[in-house]
2 protein chains.
Amino acid sequence: MQTEEEFKDFILNGHLHYIPNVSIDCAIFGYHEQTLKLMLIRHRNMSSWSLPGGHIKRSETLVEAASRNVRMHTGLDNLFLQQFKTFGDPNRIQFNKFDKEKWFEITGLTSWEGNWLMDHTISVGFYAVTDFSETVLQTDISIAECAWFDIGSLPPLEFDHSEMVKEALHTMRLHLYHYPIGLNMLPEKFTLSEIHALYETLLGKKLDVSNFPKKLIALGLLNKLTEKRSIGAHRSPHLYSFDREKYTLALKEGLVLS
Amino acid sequence: MQTEEEFKDFILNGHLHYIPNVSIDCAIFGYHEQTLKLMLIRHRNMSSWSLPGGHIKRSETLVEAASRNVRMHTGLDNLFLQQFKTFGDPNRIQFNKFDKEKWFEITGLTSWEGNWLMDHTISVGFYAVTDFSETVLQTDISIAECAWFDIGSLPPLEFDHSEMVKEALHTMRLHLYHYPIGLNMLPEKFTLSEIHALYETLLGKKLDVSNFPKKLIALGLLNKLTEKRSIGAHRSPHLYSFDREKYTLALKEGLVLS
DNA sequence: GACTAATTAGTAAAATTTACTAAATATAGG
DNA sequence: CCTATATTTAGTAAATTTTACTAATTAGTC
């Protein structure tokens, strides 16, 4: 959706291609220099930030819609995506707060009564975890800004998106103990210290410097590479990669990390 | 919805009071004589069984809709209800399989083109666990039958409801290790053997006869009563009840059972 | 009153987790 | 070139938890 014309057509006739009354919202987590980041967007007719989201095409599944959405904003494909909760409180969206003048400016309509977008909308929340450094933030006609924020200092969010972030974070942390999702936030090759620091950041707590890496190795998902990383005036740590096959199996079967 | 007239009005004008394109479905689990049961209904115009479900009123939250639905079918209020997943595959409902003649009979319409019910519908899945013996199954005008089935021998289900049951069961079993939901399936007072048998049934595996009850006690949620239960020619086991306050806290904070 | 079968307390062995020590090592700086 | 330093990482002992097993208790029944 890049032109004004396309945007107007989406607003007026989108219900022909998209399912009304339902949307998806994505909490995209990224990790960078020992901080957990969240990607937020600002719609061009709104003053506060929101989670990126959108409607579901009539031909696609929920996860395909979320995937398309994430790809649109990050340029990334195939990243780890997981449904965490669906939100449907009757007053999660306050339509009376919307700007009537902007609406007229875009659509030429004096009222949004009967418009498919202006109705009670249930939203399916997904969270994604990704390697921050590989993302290339992108916008389209409906989005004014797109940026990463530290999870610890998020701005006020539109709708019930603060609640969504809380739930997404909670689910992600729970999953961290049961699925090897942390590996999605690291580059192909990484050291034990790097994955240790990642888990400390994601879980928001200290993990033993010696024992935690041993536990990770004991899970059997890591391949020790012969390569090492040079980190200056210190012993060079080994590089590791993860075993794709065992990773996929662990995603399906689950695992236990303490 | 008890009269034919109300049913017809719901079909024709329900979108005024209910949100279109979204529904909820409930997997209601009950426990009885060491088997796990699932409540199923059969719609009067369908040959196979389904999970009970329905649309969401414009004034209610998702969990309120699920709660209303469960109450309608079981007569029970305030039972443990938990969202587990939302389903939205584009072909989860095959409208072309519906019976055109029955449709005409009820509505007087020769086509369902444009009817609010006959559109792509996303469904939010909830599961509930309840004390089987307290339920009183109920139907309304749209439902032909309502019955309990052994989880091990379910009939073929409509739509994607088999998938839903699988997911509900999976989530319920995961929650069993993290929240004290099992207590919802027992009467007010119960013996350690009874709760032991319950967990074996729910998890589908053997649990040590001596150690497992000790673990449950160690969680600190149980109150040992002075009363005992008479079980015939054997030592009378103590009765236990659960501590409401600690139970509520454990639901919120989570716990770890192995 | 002995027998039976279930409850439940107790305990030893096994396994796991945690806490701590120290060896290995890469580079900087003298 | 040698030592100091910071980090990785192997090793191990202590603490804790889990598991496996034994046996005491007890309410009927025969």
Side-chain angles (χ1 to χ4, degrees), chain A residues 33-34 173 176-178 180 182-183 186-187 189-201 203-242 250 254-258, chain B residues 33-34 173 176-178 180 182-183 186-187 189-201 203-242 250 254-258:
Chain A
E33 288 176 355
Q34 272 145 84
R173 284 181 171 164
L176 220 43
Y177 288 105
H178 293 283
L183 299 169
L186 294 169
K189 299 169 183 179
F190 51 86
T191 70
L192 291 178
S193 284
E194 285 163 359
I195 192 170
H196 174 225
L198 168 70
Y199 272 80
E200 281 194 340
T201 302
L203 292 171
K205 67 178 188 185
K206 285 278 164 208
L207 300 165
D208 191 276
V209 72
S210 170
N211 293 322
F212 184 74
K214 280 184 220 167
K215 281 182 194 172
L216 284 177
I217 291 169
L219 291 179
L221 301 171
L222 303 185
N223 289 328
K224 189 174 189 170
L225 306 177
T226 45
E227 278 178 271
K228 293 182 177 189
R229 166 159 299 164
S230 180
I231 54 162
H234 309 295
R235 174 172 176 179
S236 301
H238 278 276
L239 282 170
Y240 286 78
S241 67
F242 59 92
L255 48 79
V256 182
L257 184 65
S258 59
Chain B
E33 289 177 353
Q34 271 146 84
R173 284 181 170 165
L176 220 43
Y177 288 105
H178 293 284
L183 298 171
L186 293 169
K189 300 170 182 176
F190 50 86
T191 69
L192 290 180
S193 285
E194 285 164 358
I195 192 170
H196 174 227
L198 169 69
Y199 272 81
E200 281 194 340
T201 302
L203 293 171
K205 67 179 186 184
K206 285 280 163 205
L207 299 165
D208 191 277
V209 71
S210 170
N211 292 322
F212 184 74
K214 281 184 219 166
K215 281 184 193 170
L216 284 176
I217 291 169
L219 290 178
L221 301 172
L222 302 186
N223 289 328
K224 189 173 188 170
L225 306 177
T226 45
E227 277 178 272
K228 293 184 177 188
R229 165 159 299 166
S230 181
I231 53 162
H234 308 295
R235 175 173 176 181
S236 300
H238 278 277
L239 282 170
Y240 286 78
S241 68
F242 59 93
L255 49 79
V256 183
L257 184 65
S258 58

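Just so it is clear: chains get the letters A, B, ... in the order the sequence lines come, proteins before strands, and each one is counted from 1.
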Closest non-hydrogen atoms of His196(A) and Asp208(A), given as atom of the first, atom of the second and distance, are NE2-O, 3.6 Å
What heavy-atom pair brings Lys215(B) and Ser258(B) nearest, and what distance separates the two atoms?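 Scanning both residues, the minimum pair turns out to be NZ-OG, 3.4 Å.
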Distances under 3.5 Å between nitrogen or oxygen atoms of protein and nucleotides 28-30 of chain D:
from: dG28(D); atom 1: OP1; to: Ser230(B); atom 2: OG; distance (Å): 3.4

Are [X] and [Y] close enough that some pair of their side-chain heavy atoms sits under 4.5 Å apart?
{"X": "Tyr199(B)", "Y": "Leu257(B)", "result": "yes"}
{"X": "Lys214(A)", "Y": "Asn211(A)", "result": "yes"}
{"X": "Lys205(A)", "Y": "Leu207(A)", "result": "yes"}
{"X": "His238(A)", "Y": "Leu192(A)", "result": "no"}
{"X": "Ile231(A)", "Y": "Pro237(A)", "result": "yes"}

Can you pull out the residues from residues 211-227 of chain B that lie within a 4.0 Å heavy-atom distance of DNA chain D?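 The stretch gives Asn211(B), Lys215(B) as the residues lying under 4.0 Å from the strand, ordered by number.
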Would you kindly give the [atom1]-to-[atom2] distance between [X] and [N], to the nearest whole Å?
{"X": "Arg229(A)", "N": "dT7(D)", "atom1": "CZ", "atom2": "C1'", "value": "14 Å"}
{"X": "Lys228(B)", "N": "dA6(C)", "atom1": "NZ", "atom2": "P", "value": "17 Å"}
{"X": "Leu192(B)", "N": "dA9(C)", "atom1": "CG", "atom2": "C1'", "value": "12 Å"}
{"X": "Asp208(A)", "N": "dT16(C)", "atom1": "CG", "atom2": "P", "value": "18 Å"}
{"X": "Arg235(A)", "N": "dT9(D)", "atom1": "CZ", "atom2": "C1'", "value": "5 Å"}
{"X": "Ile195(B)", "N": "dA6(C)", "atom1": "CD1", "atom2": "C1'", "value": "18 Å"}

Given side-chain contact (heavy atoms from CB on, under 4.5 Å), test Leu221(B) with Tyr240(B) step by step and report yes or no. CA-CA 10 Å; Leu221(B) 301 172; Tyr240(B) 286 78; over 6 Å; no
Run the ring pair (Phe, Tyr, Trp, His ring centres under 6.0 Å) test against Phe190(B) and tell me which residues pass, sequence neighbours left out.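 Checked Phe190(B) against ring pair (Phe, Tyr, Trp, His ring centres under 6.0 Å); zero matches.
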Considering every strand and a 4.0 Å limit on heavy-atom distances, what is the contact class for Thr191(A): base, sugar-phosphate, or nothing?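 Contact class for Thr191(A): none.
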Do any side-chain nitrogens or oxygens of Ser210(B) fall under 4.0 Å of OP1 or OP2 in dT8(C)?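 No.
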